[in-house]
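Just below is one structure, and these are the notes that go with it.
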Amino acid sequence: MRVEILYTGGTLGMVDTPQGLAPGADLEGWLHRLLSGTELDRGVGLVTFDHLIDSANATSEDWQHIVDELWARHDDADAFVVLHGTDTMAYAAAALSYALTGFDKPVVLTGAQYPLGVVGTDAAPNVTGALRAAMAGQSFGVAIFFGHKLLRGTRVTKTSSWAFQGFGSPSVPELARTGAPWQWTAPGPRGCGWDSPRPYRRCDIAVLDLAPGITADRLAAMIDPRPEAVVLRAFGVGNAPSDEPGLVDVIAATIADGVPVVVTSQCHQADVLLGHYEAGWELARAGAIGSEDMTLEAVYAKLVFLLSQGLGAEEVAHWMGTSIAGELTVRS
Ligand code: ASN
């Protein structure tokens, strides 16, 4: 079995500099020492990206670069591991999931909270765990391995800036948990897939958090000029201050201009049901789309994916409610 590792950047391979942590560690030498004498000694290759980044700098063009590199090597390996910064790894995992529904080989993203050169780093368990998951012979598509858990790529969110258990999938069970032996759960429905997706492009999407007391003028100013789409992070099951004069009108006018507005929740674990309360029903009546149990990361990457396919507002609304890669729970 052969696994190809794609190294894109992140804390895992960083070193201290006068300006703070930046890429610069000898990842190749470290990996060699980590795997030498193990059953993985010979079957693992490493591809280092020319421009290693802190994932805070990642854009949808970087997601596309990873997709292209994976396809270019599709026939060279049985499975792939992507070393990525943790800050935006959940966005990247969702983005790769939509773009790679036809890839048919495991892709496991991982990173670390501490650089590989620090005593007690989580780099080694995360990389070896990701390799083990990739080689397990299970078909789960794109996933994140982190802190002893394997999580679905479309369901994952970063839950801690420091804990070694830094990721979770609040709405679905983990795919696997380490141990001797590992405990696996069924991966859940895959979604309908997407044939021959067009490449990711940069999109202008506004992600807005509501807070108590927000006025219509403030909301209007935040989406002027008009973005290509809006993600409105509302309260609870998707409620907004509908008594605030003019606030729902701002959303209605945005939608009337052909801009999709997706309502998500500020809750870590959420199922957005517009219309459960009057305060959310007003948004639904204005034409806003509820995100159901998708994470913010899955919603954002999905909007970039759909806009990159050249879809208009109505088609975007349709696809937001359809599972492409297992990102939402389909209700009968
Ligand atoms: N800033 C880093 C990154 O996302 C954080 C990390 O990897 N732990 O690249």
Side-chain angles (χ1 to χ4, degrees), residues 5-31 34 46-67 69-70 80-97 107-131 133-134 142-169 174 178 200 202 205 207 268 295-301 304:
I5 299 180
L6 272 55
Y7 171 38
T8 72
T11 297
L12 191 139
M14 288 188 183
V15 289
D16 253 329
T17 76
Q19 291 78 37
L21 288 169
D26 173 20
L27 190 108
E28 193 172 355
W30 173 82
L31 193 65
L34 183 71
L46 175 68
V47 177
T48 300
F49 279 22
D50 289 342
H51 180 50
L52 298 170
I53 59 168
D54 187 307
S55 77
N57 285 308
T59 71
S60 45
E61 284 163 357
D62 293 293
W63 301 340
Q64 189 57 42
H65 184 45
I66 301 171
V67 168
E69 291 291 326
L70 285 166
F80 295 84
V81 167
V82 177
L83 304 183
H84 197 284
T86 60
D87 285 345
T88 63
M89 185 157 68
Y91 291 89
L96 296 191
S97 302
V107 176
V108 183
L109 290 88
T110 195
Q113 300 280 32
Y114 265 147
L116 55 83
V118 170
V119 175
T121 177
D122 52 336
N126 286 348
V127 170
T128 51
L131 286 167
V142 177
I144 283 183
F145 181 87
F146 207 89
H148 295 282
K149 287 189 278 186
L150 185 69
L151 303 160
R152 287 191 79 148
T154 45
R155 296 296 200 144
V156 65
T157 191
K158 184 172 178 180
T159 55
S160 172
S161 64
W162 55 268
F164 284 176
Q165 297 272 340
F167 286 80
S169 59
E174 59 220 18
T178 64
Y200 280 107
R202 286 291 283 272
I205 299 172
V207 180
H268 175 65
T295 60
L296 169 68
E297 294 88 337
V299 167
Y300 185 83
V304 181

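First listed ligand is number 1; within each ligand, the first listed atom is number 1.
When atom types are taken as modelled, the side chain of Thr295 and the backbone of Ala298 share a donor-acceptor pair closer than 3.5 angstrom. Between the side chain of Tyr300 and the backbone N or O of Val207, no donor-acceptor pair lies under 3.5 Å. Asn126 contributes a side-chain N or O that, together with a main-chain N or O of Gly147, makes up a donor-acceptor pair within less than 3.5 Å.
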Only distances under 3.5 Å count here; give the side-chain donor-acceptor pairs of residues 108-115 to other protein atoms, sequence neighbours excluded, each with its distance to 0.1 Å.
residue: Thr110; atom: OG1; partner: Phe145; partner atom: O; Å: 2.7
residue: Gln113; atom: NE2; partner: Ser160; partner atom: O; Å: 3.3
residue: Gln113; atom: NE2; partner: Ala163; partner atom: O; Å: 2.7

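For atom 6 (C) of ligand 1, the nearest protein heavy atom (residue, atom name, distance) is Thr11 OG1, 2.7 Å. Of all protein heavy atoms, the one lying nearest to atom 9 (O) of ligand 1 is Ser55 N, 2.8 Å.
In terms of N/O distances under 3.5 Å, ligand 1 is approached by Asp54. Inclusion of Thr86 in the set of residues having an N or O under 3.5 Å from an N or O of ligand 1 is warranted.
Near Gly85, the atoms of ligand 1 lying under 4.0 angstrom from a non-hydrogen atom of the residue are 3 (C), 4 (O), 7 (O), 9 (O).
In this structure, Ala112 counts as a contact residue of ligand 1, since one of its heavy atoms falls inside 4.0 Å of the ligand.
Contact of the Leu116 side chain with the Leu31 side chain is not registered, since no non-hydrogen atoms from C-beta on lie closer than 4.5 Å.
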